[in-house]
Amino acid sequence: MAESIYKRLNKICMSIWTSTRTELLMSMRHFDNAIYAFGFARNESTKFFGTEGDKIYFNDIYVINTYKKGRVYMNRSYVHMMLHCLYGHLFHRGDRLIDYWNLACDIVVESILDNWNKESIRLPVSGKRHHMYQMFLSEMDVLTAERVYDVLFKASMTPEQFYDMIGEFEVDDHSFWREDNRQPNQPPLPKRQQKWDNIQRKVQMEMEQLGDEAGKSEGDPAMQQMKIANRKRYNYSEFLRKFAVLREVATVDLDSFDYTYYTYGLNMYGNMPFIEPLEWKETMKIQDFVIAIDTSMSCSGELIQAFLEETYSILSDSDQYFSKVNIHILQCDDLIREDVVIHNKSEMESYMEQFEVKGFGGTDFRPVFDYIYMLRNTKQISNMKGLIYFTDGKGTFPGICPDYETAFVFLQDDFKDVKVPPWAMKVFLDPYDLRQNKVIDYNGGVKL
């Protein structure tokens, strides 16, 4: 008897899910790949519903009661879970505190749903929500889970206030996101993430096409979030290798060592190998390059310090640069304020200990390029590979393409796009991902 009731309940729930998908497809056709990306499974461990990116797991009584409240509640819940997957919330938590991360993800998704002009998911926005959105938008231009998490983490909230916010924004069960809560036949995390990465790209292309036709793609919060979610992450250490040069170094080259001849000589003549390993090796490492730091009023000293510390950490903790280097660190705004030349690790450590921001004027990128031209003409730099220019992008770019690679690096959290010359690389660094040794959104520019 009980089994028959469960079957009937499951049949009703599957009918509700099917009806929900159909209604959403009618009003959000550019999300068709995402809407039909889920399977469904009844699950007694949850009191409502949630997803791990492959299936939506649900409590049948909760689904039926939600549907009774109104179809819009089911539609909205479905899109809520779908957006979590599209924006990678299931996969990008890292070592962030789980309760704060879950709340941040819910706030971001609900803010998009509250601002989306679609009848199928529209509900009245409470005054509490409106006040909270304004608070977050005063800190950032686009609400992202990472930025909202930072604000929540730094806020002075009592437990009661925190759980009150959870009650306001919680819609789905995020316990299915955890790898220690694996479900039967659940695909591995990398496979689920790759699935949603592919869906993200398809949805973004369709949204851009429909937005361009309507003339409103840039202001759509869902579109802005999609662009942020689709930004690729690259290893910062690997990025620095773009500024490496080929040179011989005194070290044993085991790659060129042939053990066959070596052991043959030992076997034939006792202690006389036929060949010794080469004592010189060609390797790609960083030798001569320039780091320019924009110290204008719009760049904070805290971000400048973070960028320098991470760059120094990567260079000093790896084999990426030669024991003898020629690194010019320029502080500049509309003028060159300081030029410190680093030749070795000890000089870099001393510079970091005594670092002090100088400048705080306007921003003009051209003096740095003129200064590098002077350094090369006077042979102070002989093997210049490239320039890393840390800035906010609010300045005048040179009109002529240099003959070395240039990267404009933006360590910012508002995810605004910045126009740079077509010959330059454009790199966005996220403060959190920078600590994880990652680069966000690397635009390679023109290869020289």
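Throughout, residue positions are numbered sequentially from 1 according to the sequence presented.
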message = Determine whether D173 and K47 satisfy the following criterion, salt bridge (charged side-chain N to carboxylate O under 4.0 Å, His left out), listing intermediate values before the conclusion.
response = CA-CA 8 Å; D173 188 345; K47 295 180 179 180; over 6 Å; no
message = Using side chain to side chain contact (heavy atoms under 4.5 Å, CB included), reason through L152 and F136 one step at a time and then give a plain yes or no.
response = CA-CA 9 Å; L152 291 173; F136 288 115; 3.9 Å; yes
task = Verify, without hydrogens or angle tests, whether Y149 (side chain) and T144 (backbone) share a donor-acceptor contact under 3.5 angstrom.
result = no
ask   = Can you name the side chain to side chain donor-acceptor pair (under 3.5 Å) partners of K118, sequence neighbours left out?
value = none
ask   = Is the count of non-hydrogen atoms from other residues, nucleotides or ligands lying under 6.0 Å from Y163 atom OH greater than 12?
value = no
ask   = Between the side chains of D294 and Y389, is a donor N or O closer than 3.5 angstrom to an acceptor N or O?
value = no
query = Hey, does the side chain of T406 reach the backbone of A424 with a donor-acceptor pair shorter than 3.5 angstrom?
reply = no
Results of side chain to side chain contact (heavy atoms under 4.5 Å, CB included) for K202 - residues two or more places apart only = N33
key: Check: R96 main-chain N/O paired with R93 side-chain donor or acceptor under 3.5 Å   = yes
note = Sorted by chain and residue number, the side chain to side chain donor-acceptor pair (under 3.5 Å) partners of N75 (sequence neighbours excluded) come out as E23
request  = For R71, look at atom CZ and say whether over 12 heavy atoms of other residues, nucleotides or ligands are found less than 6.0 Å away.
outcome  = no
task = Scan F176, W17, F58, Y57 and name whichever one has a ring-ring contact (aromatic ring centres under 6.0 Å, His included) with F49.
result = W17
inquiry  = Checking side-chain polar atoms at under 3.5 Å, does E168 have a donor or acceptor matched by the opposite partner on S126?
reply    = yes
query = Are R76 and E110 close enough, and set up right, to give a salt bridge (charged side-chain N to carboxylate O under 4.0 Å, His left out), and what steps lead you there?
reply = CA-CA 9 Å; R76 192 178 172 104; E110 285 298 295; 3.1 Å; yes
ask   = Taking only residues two or more places apart in sequence or in another chain, which ones pass salt bridge (charged side-chain N to carboxylate O under 4.0 Å, His left out) with E119?
value = R122
Contacts of type side chain to side chain donor-acceptor pair (under 3.5 Å), residue N43, not counting sequence neighbours = S45, Q183
request  = May I ask you to decide whether D150 forms a salt bridge with R147, counting only side-chain N to carboxylate O separations under 4.0 Å?
outcome  = yes
inquiry  = Taking salt bridge (charged side-chain N to carboxylate O under 4.0 Å, His left out) as the definition, give me every residue that meets it alongside E170, ordered by chain and number, with sequence neighbours left out.
reply    = none
query = Should the pair K128-D164 be classified as a salt bridge under the 4.0 Å nitrogen-to-oxygen rule?
reply = yes
task = May I ask you to decide if S111's main-chain N or O and N115's side chain share a donor-acceptor pair within less than 3.5 Å?
result = yes
request  = Assess the side chains of H30 and D32: does a donor N or O sit below 3.5 Å from an acceptor N or O?
outcome  = no
message = Treating T66 as the side-chain partner and Y62 as the backbone partner, does any N or O pair qualify as donor plus acceptor under 3.5 Å?
response = yes
message = Tell me if a side-chain donor or acceptor on E52 pairs with a main-chain N or O of W177 at a distance below 3.5 Å.
response = no
ask   = For K195, which of D197, I199, N198 qualifies under side-chain contact (heavy atoms from CB on, under 4.5 Å)?
value = I199
inquiry  = Between the side chains of E179 and R192, is the shortest nitrogen-to-carboxylate-oxygen separation below 4.0 Å, so that they form an ion pair?
reply    = yes
task = Flag this pair as yes if the NZ/CZ of R366 is under 6.0 angstrom from the six-membered ring centre of F397 and inside a 45 degree cone about the axis; otherwise no.
result = no
task = Nearest 0.5 Å please: distance from the CD atom of E338 over to the NE2 atom of H328.
result = 13.0 Å
request  = Indicate whether the side chain of H80 and that of D106 have a donor and an acceptor atom separated by less than 3.5 Å.
outcome  = yes
